[in-house]
There are 2 protein chains.
Amino acid sequence: MNLKQLSQKLGLSQTTVSRALNGYPEVNEATRLRVERAAAQYHYRPSTRAKGLATGKALAIGHVIPISSKHEMVNPVFGDFIAGAGDTYARHGYEMILCTADDAQEEQVYRGLKARRAVDGVVVHGPRLDDSRIRLLHEIGLPFVVHGRSSGATLPYAWLDVNNRHAFQRATDFLLDLGHTRIGLINGMEFMDFAHRRRDGYTIALLGRGIPIDPAIMRSSEMTEVFGYQSTRDMLTLDNPPTALLCASLISALGARRAVEEAGLVMGRDVSIITHDDDLSYLKNGDDIPIFTATRSSVRAAGARLAEILLAAVADPDLAHQNVLLEAELMVGRSTGPAPRKD
Amino acid sequence: MNLKQLSQKLGLSQTTVSRALNGYPEVNEATRLRVERAAAQYHYRPSTRAKGLATGKALAIGHVIPISSKHEMVNPVFGDFIAGAGDTYARHGYEMILCTADDAQEEQVYRGLKARRAVDGVVVHGPRLDDSRIRLLHEIGLPFVVHGRSSGATLPYAWLDVNNRHAFQRATDFLLDLGHTRIGLINGMEFMDFAHRRRDGYTIALLGRGIPIDPAIMRSSEMTEVFGYQSTRDMLTLDNPPTALLCASLISALGARRAVEEAGLVMGRDVSIITHDDDLSYLKNGDDIPIFTATRSSVRAAGARLAEILLAAVADPDLAHQNVLLEAELMVGRSTGPAPRKD
DNA sequence: TCGCAATTCCAAAGCGCTTTGGATGCAACT
DNA sequence: AGTTGCATCCAAAGCGCTTTGGAATTGCGA
């Protein structure tokens with residue numbers, strides 16, 4: 001069923017039917033009702049493609065998923081983020097289109113999206129320090145919102161981010177208050193902006209108490225379980241091992257816990273662990289009492305919120321770039337305790 | 001830059017330029033070269049929308065992600081599956097469009113996709129027993145491929161699945177060969193087809209050795225870490241606790257390990273664990289030596305393969321429904337060992 | 001020199017929608 | 001009665017592409 005057929009069935013012109021369905025004022029209320037009923041009855045839905053062609057809008061938002069070329073890794077938060085954003089798009093009549101791209105193709109993918117007029121805007125995932133995509137998207141004139149931020153970017157841009165620096169500063173302070181002075185950091189890759197900021201927070205807190213930064217207990221890589229495990233195992237064999245660890249993700253925290261327990265130590269007593277927790281649906285941090293003390297911020301909620309911002313920007317390109325900074329919540333769980341006394 | 005502008009720049013008609021770009025034979029090789037060069041120079045890319053309108057194809061494949069309405073959970077394998085499929089689509093010039101839908105909206109989402117002519121085909125995620133979507137998609141005439149299968153479906157359909165029954169039968173046999181007779185099952189939700197089949201495999205293996213099925217050591221729910229933990233903790237307090245566990249996912253296996261260690265037991269000695277492993281990029285089962293003995297099958301490879309099947313089906317609707325059954329690999333790791341002797 | 005087929009190109013229609021620029025009818029004013 | 005102003009509706013153009021049904025040009029044999 002298309003517009004033409006529907007309008008014939010109703011004995012009206014396509015113009016009138018189109019207007020009735022799109023809420024224009026120049027159509028009689030009775031007529032509109034008749035049209036709407038018929039549309040529902042025949043399951044009429046305008047073709048997104050045709051509508052897009054006619055209006056010059058794509059009625060779609062693009063998500064370009066970076067695939068780390070080294071580890072071919074997909075960010076595990078991605079599913080939940082999409083779930084949040086998807087709801088918003090659907091409510092506004094937008095499609096969500098996905099592309100995957102490793103570092104090498106990235107620019108071509110964005111350019112292609114623009115040239116094919118496939119999307120009205122994109123969300124930039126996994127921003128790096130001084131991310132080149134910000135310049136690129138400005139250049140090709142494609143509206144975008146960054147999930148995260150990019151330190152060093154000179155152009156203005158819209159973003160939604162968690163206050164990673166503050167979260168990790170606070171988490172480090174929490175450990176310091178418990179008497180820990182040897183605090184290890186198991187971070188994500190530090191060319192990623194979020195990891196860079198977390199490291200900053202960690203550093204600031206330590207220096208604030210006059211504790212020197214020790215690279216021997218700072219690791220940075222893809223946030224896998226194995227990485228958390230190996231880093232922890234290594235650090236625990238040091239002469240002066242950490243009594244507390246800060247992990248960048250629940251997954252690497254699970255690895256850290258494995259190493260702690262394998263070493264015959266008890267988490268929360270011998271070694272305290274704090275992790276960031278994206279509140280993923282399939283990886284909850286325990287039930288009522290959190291397994292890990294954690295800085296929590298729902299990535300799903302972030303997805304929903306970011307989608308709203310992008311749609312607003314698409315609707316009105318002159319709108320000022322919106323910036324949203326979410327604070328992470330510090331959830332105290334069973335993985336932290338006072339620093340063990342040195343005997 | 002659009003077709004009209006490009007053809008004017010070249011002094012050719014739109015017809016000729018279009019044909020040159022799409023590889024039709026009725027255009028001089030020299031002309032074609034000239035056109036291709038100009039297209040590259042001006043970064044011309046035909047509008048997907050317009051092309052779709054003209055050809056009657058959407059040039060897009062839909063993925064409808066079921067969001068469990070109870071737990072609002074997104075399947076964690078989703079990201080990797082998409083990464084695999086995305087490559088294939090991109091190579092064939094297709095877009096991937098995503099929708100999320102909880103159980104209540106599901107039918108409307110598929111119907112909407114069809115009515116809006118937004119996609120040429122869809123992949124069905126997370127099939128349940130006798131899944132109603134198979135009937136629905138047949139009815140509305142939207143090509144599809146199921147990731148998994150649906151026991152009880154009467155209509156024929158294309159699918160790609162892991163041989164879950166065989167994998168779990170083999171895993172159970174492996175444990176039986178090690179002398180285990182009390183083997184617990186920590187399964188996914190059993191209205192999901194994959195979980196149902198895994199349970200079948202488990203049951204068949206046990207009955208094959210004359211061991212009775214004991215519901216007290218069989219659990220089934222969303223495959224979270226917490227579920228793995230709680231199930232294991234509960235089972236270990238039984239009078240006759242299991243000496244081995246079969247987990248449906250690496251995530252719940254991590255929870256199972258936590259419970260085992262918390263009980264002061266050693267994995268691989270006191271309690272053996274085998275898990276299914278989807279070979280997710282962010283959750284590798286160890287490095288060289290697997291952490292867990294596991295039945296492994298890459299969900300990413302499955303995504304790539306399934307996309308090929310769907311595109312073939314879209315290209316030729318008369319094609320027979322393709323069915324692909326992948327065998328999982330049994331990787332022996334450090335989580336399994338001979339059954340502890342009863343003293 | 002002409003005719004014919006093959007080669008190479010083009011004008012225009014059509015895909016399903018929106019939107020511009022009227023047309024029509026009717027009540028309310030002069 | 002003639003005009004005006006609304007309220008409704010419509011025909012047709014246009015979005016950027018593909019594709020049908022020719023048209024022009026060329027090469028070649030008769």
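Below, read A as the first sequence line, B as the second, and so on, with proteins coming before strands; counting in each chain starts at 1.
- Using modelled atom types, one finds a donor on one side chain and an acceptor on the other under 3.5 Å when comparing A/D193 with A/S151.
- Checked for salt-bridge contact, A/E308 and A/R91 meet the test: a charged N lies under 4.0 Å from a carboxylate O.
- Taking CG of A/D278 as the reference point, atom CZ of A/F81 lies at 11.5 Å (rounded to 0.5 Å).
- Using a 4.0 Å cutoff to heavy atoms of chain B, the contacted part of DNA chain D runs 5' to 3' from D/dG16 to D/dG21.
- At least one donor-acceptor pair under 3.5 Å links the side chain of A/D80 to the backbone N or O of A/S281.
- Nucleic acid contact for B/R117: sugar-phosphate only, since backbone atoms but no base atoms lie under 4.0 Å from a heavy atom of the residue.
- In terms of position along DNA chain D, the nucleotide closest to A/L12 lies nearer the 5' end than the nucleotide closest to the other residue of the pair A/A54 and A/L12.
- Following rounding to the nearest Å, B/N28 (CG) and C/dA6 (C1') show an atom-to-atom distance of 13 Å.
- Using a 4.0 Å heavy-atom distance criterion, B/T15 is classed as a base contact.
- The aromatic rings of A/F144 and A/Y157 lie parallel to each other, with less than 30° between the two planes, well short of the 60° mark.
- More than 12 heavy atoms of other shown residues, nucleotides or ligands fall within 6.0 angstrom of atom CZ in A/R117.
- Proximity of residues 108-116 of chain B to DNA chain C (heavy atom under 4.0 angstrom from any strand atom) is not detected for any residue.
- Comparing A/E26 and A/N2 by the nucleotide of DNA chain C that holds the closest heavy atom to each, the one mapping nearer the 5' end is A/N2.
- For A/K57 (side chain) and A/D120 (main-chain N/O), no donor-acceptor pair under 3.5 Å exists by modelled atom type.
- Across all strands shown, B/S18 has heavy atoms under 4.0 Å from base atoms, whether or not it also approaches the sugar-phosphate.
- Ring geometry, B/H125 versus B/H63: the interplanar angle falls from 30° to 60°, so the pair is classed tilted.
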